[in-house]
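The block underneath contains the structure these notes are about, expressed in structure tokens.
To find a chain, count down the sequence lines: A is the first, B the second, and so on, and within it residues start at 1.
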Amino acid sequence: MVVKTVRGTSDILPFDIDTWQALELVSRNLLETYDYREIRTPIFEQAGLFQKSVGESTDIVSKEMYVFSDKKGRELALRPEGTASIARSFIEHNMNTQTLPVKLYYIGPFFRYERPQAGRTRQFHQIGAEAIGIEDAGLDAEIIDIAVQIPSKMGIKNLKVMLNSIGCEECRAKYVKQLLEHLKSRIKKLCADCNRRYSANPLRILDCKKSECIQLVKDGPTITENLCAKCRNKLETVEKHIKSLNIDYQIQPYLVRGLDYYTGVIFEIIHSQLGAQNVVAAGGRYDNLIEQMGGKSTPAVGFAAGIERMIMLLANKDFSNNSVYLAYLDFPMDKKVFAFLAGLRQNGIHTKTTYQKKTLKNQLKTAAKLGCKFSLILGVNELSKGTVILRDMKTSTQEEIKLDNAVSIIKKKFPL
RNA sequence: GUGGGUGUAGCUCAGUUGGCUAGAGCGUCAGAUUGUGGUUCUGGAUGUCGCGGGUUCGAUUCCCGUCACUCACCCCA
């Protein structure tokens, strides 16, 4: 049997890579202008890191993590998400002594052992950012702003921002108590999953998709109207900020997060064309995580966006670069042709050509097929005159130019 | 982890109520007089019919298993 990629993983082939690279470039530029710096943490970590931070009760840690032991018996795990590693690194390198907030971003692969589905693979990629050390609603709004702008700048439309707050520890605890109280007498009406959630992770009942549960939840209290004054005020401030940026959002009182470390304001950016996995990006505050992991009490806020999910939404867009095609007629390639070709490339002109004997007709056909905006035709006549024909593939017009001027003329015709 | 659907050329798919050399479109390659593409025409190449086993004189078609893809649940970016 021929070896294939393992389940839930795939090759990102050159055919698709333009979109990936464009997305990465747009994201990096944007994040850098917002003063975030890239951090690259290891792909694998001690398994305990994720148990402590993401939470042992979550499926991510208890069922979906790739855990293995190395030759010395160390329990390691392929990272299932990004924030835990960054919190670890923040503590390990005493980043709390730097000017706060420390703003970090990452782009890379993550691993979860899940059943593959549209927008869900076992190796997947995220772009994320974290602003650590300052508890200001402006940073929450900034994170949301960035999370919206990355897909928007790529041309993704119809994004919806869902916003909520799950409160601080105090108001959340009070609310959970109320919620459990409300559901207690009706627990038998809840679905099997929600019965499990009732004891394991009650807030998760809020975003159950089953109609019977939705109805019961609707009749009960919402966290949004049970926030303490401080938490309500923060949520309202975030709203004010993102309103000023004309970000279209809506308060979703039943929005919760799956990871244990979230506190306060949380959000999701969703897109209807993605199917069941409709979340493009999500995030929120996690003010207790760093302290809980052994660092000083440090507030933080961040987000992560699913790269594959954005790529799905960009499937019919073309991000390929401009290029020219060099057609020539004496085979094998004359040394003058070779030198000209090398010169184009040394000057930063993305040049395609053939390396086997082809007719001129064939070469132009190829050039058109490859999407080259211009073709350069360098036959024996031109070579003897020291010229080359520059053909505009769109208008089918051409001019004969001097070999020496070719680079500057092409560069003027299209900025690379 | 649970449930449904699918698996035939590079791609999209047809097909055989079980039987001779398995098809189409697209793509690809070559050609339609000498150095000019995206239209047209002609011709060529390519498939262990996902893999393994069973039933049968005979299976790509039926059965079982398995792997993968896909959709939903679950989980979550």
Between [N] and [M], how far is it from one [atom1] atom to the other, in whole Å?
| N | M | atom1 | result |
| --- | --- | --- | --- |
| G15(B) | A9(B) | C1' | 14 Å |
| C26(B) | U17(B) | P | 28 Å |
| C69(B) | U8(B) | P | 14 Å |
| U48(B) | U60(B) | P | 13 Å |
| C71(B) | C29(B) | C1' | 39 Å |
| U6(B) | G50(B) | C1' | 11 Å |
| C49(B) | A59(B) | P | 13 Å |
| G4(B) | A77(B) | C1' | 26 Å |

Return the nucleotide paired to [N]: Watson-Crick means purine N1 to pyrimidine N3 with N6-O4 or O6-N4, wobble means G-U with N1-O2 and O6-N3, both under 3.5 Å.
| N | result |
| --- | --- |
| C13(B) | G23(B) |
| C62(B) | G54(B) |
| U2(B) | A72(B) |
| G37(B) | none |
| U42(B) | A30(B) |

When we call it a touch if two heavy atoms are under 4.0 Å apart, what does [X] touch: a base, just sugar-phosphate, or nothing?
| X | value |
| --- | --- |
| Ile307(A) | nothing |
| Gly371(A) | nothing |
| Lys63(A) | nothing |
| Ala367(A) | nothing |
| Gln363(A) | nothing |
| Gly275(A) | sugar-phosphate |
| Gln277(A) | base |
| Arg257(A) | sugar-phosphate |
| Phe124(A) | base |

Nearest-neighbour nucleotide for the [X] side chain, [options] considered:
| X | options | answer |
| --- | --- | --- |
| Lys369(A) | A77(B), U36(B), U28(B) | U28(B) |
| Lys361(A) | A77(B), G37(B), C74(B) | G37(B) |
| Ala118(A) | A77(B), C71(B), G37(B) | C71(B) |
| Ile389(A) | U28(B), G35(B), A72(B) | G35(B) |
| Ala276(A) | G37(B), C76(B), A72(B) | A72(B) |
| Lys358(A) | A30(B), U36(B), A68(B) | A30(B) |
| Arg197(A) | U36(B), C74(B), G1(B) | C74(B) |
| Ala282(A) | C76(B), A77(B), C74(B) | A77(B) |
| Pro116(A) | C69(B), A77(B), C73(B) | C69(B) |
| Glu114(A) | A77(B), G35(B), G37(B) | A77(B) |

Nearest-0.5 Å distance that lies between atom NZ in Lys218(A) and atom CG in Leu206(A):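 Between Lys218(A) NZ and Leu206(A) CG, I get 13.5 Å after rounding to 0.5 Å.
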Nearest 0.5 angstrom please: Leu364(A) CG to Met393(A) CE, how far?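 So the CG of Leu364(A) and the CE of Met393(A) are separated by 5.0 Å.
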For [X] and [N], give me the distance from atom [atom1] to atom [atom2], rounded to whole Å.
| X | N | atom1 | atom2 | result |
| --- | --- | --- | --- | --- |
| Asp193(A) | G3(B) | CG | P | 14 Å |
| Lys365(A) | U28(B) | NZ | P | 7 Å |
| Phe111(A) | C75(B) | CZ | C1' | 18 Å |
| Leu259(A) | A77(B) | CG | P | 5 Å |
| Asp207(A) | A77(B) | CG | P | 11 Å |
| Lys4(A) | G7(B) | NZ | P | 15 Å |

Distance-only donor-acceptor test, [X] side-chain atoms vs [N] base atoms, 3.5 Å:
| X | N | answer |
| --- | --- | --- |
| Arg115(A) | C73(B) | no |
| Glu382(A) | G35(B) | yes |
| Thr359(A) | G35(B) | no |
| Arg204(A) | C74(B) | no |
| Thr366(A) | G37(B) | no |
| Asn362(A) | G37(B) | no |
| Gln398(A) | U36(B) | yes |

Using the ring of each side chain (for Trp, its six-membered ring), is Tyr262(A) parallel, tilted or perpendicular to Tyr286(A), with breaks at 30° and 60°?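 Perpendicular, since the angle between the ring planes exceeds 60°.
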Parallel, tilted or perpendicular: ring planes of Phe303(A) versus Phe267(A), cut at 30 and 60 degrees: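 Correct class here is tilted.
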side-chain N/O Arg196(A) vs C75(B) OP1/OP2, d < 4.0 Å: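 For Arg196(A), the contact criterion (side-chain N or O under 4.0 Å from OP1 or OP2 of C75(B)) is met.
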Does NZ or CZ of Arg122(A) come closer than 6.0 Å to the centre of the six-membered ring of Tyr113(A), within 45° of the ring's axis?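 Judged by the rule (NZ or CZ under 6.0 Å from the ring centre, within 45° of its axis), Arg122(A) counts as positioned above Tyr113(A).
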Polar side chain donor-acceptor pair, Tyr175(A) to Glu225(A), under 3.5 angstrom: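 Short answer, no.
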Of Glu32(A), Glu130(A), Glu142(A), which meets salt bridge (charged side-chain N to carboxylate O under 4.0 Å, His left out) against Lys103(A)?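 Of Glu32(A), Glu130(A), Glu142(A), salt bridge (charged side-chain N to carboxylate O under 4.0 Å, His left out) with Lys103(A) is met by Glu142(A) alone.
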For a quick test of reading the model, state the closest non-hydrogen atom pair linking Ile166(A) to Leu227(A) and the distance between them.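 Closest heavy-atom pair between Ile166(A) and Leu227(A): C-CD2, 4.5 Å.
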Assess whether a salt bridge exists between Lys385(A) and Glu400(A), defined as any Lys/Arg side-chain N lying under 4.0 Å from an Asp/Glu carboxylate O.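 Salt bridge: yes.
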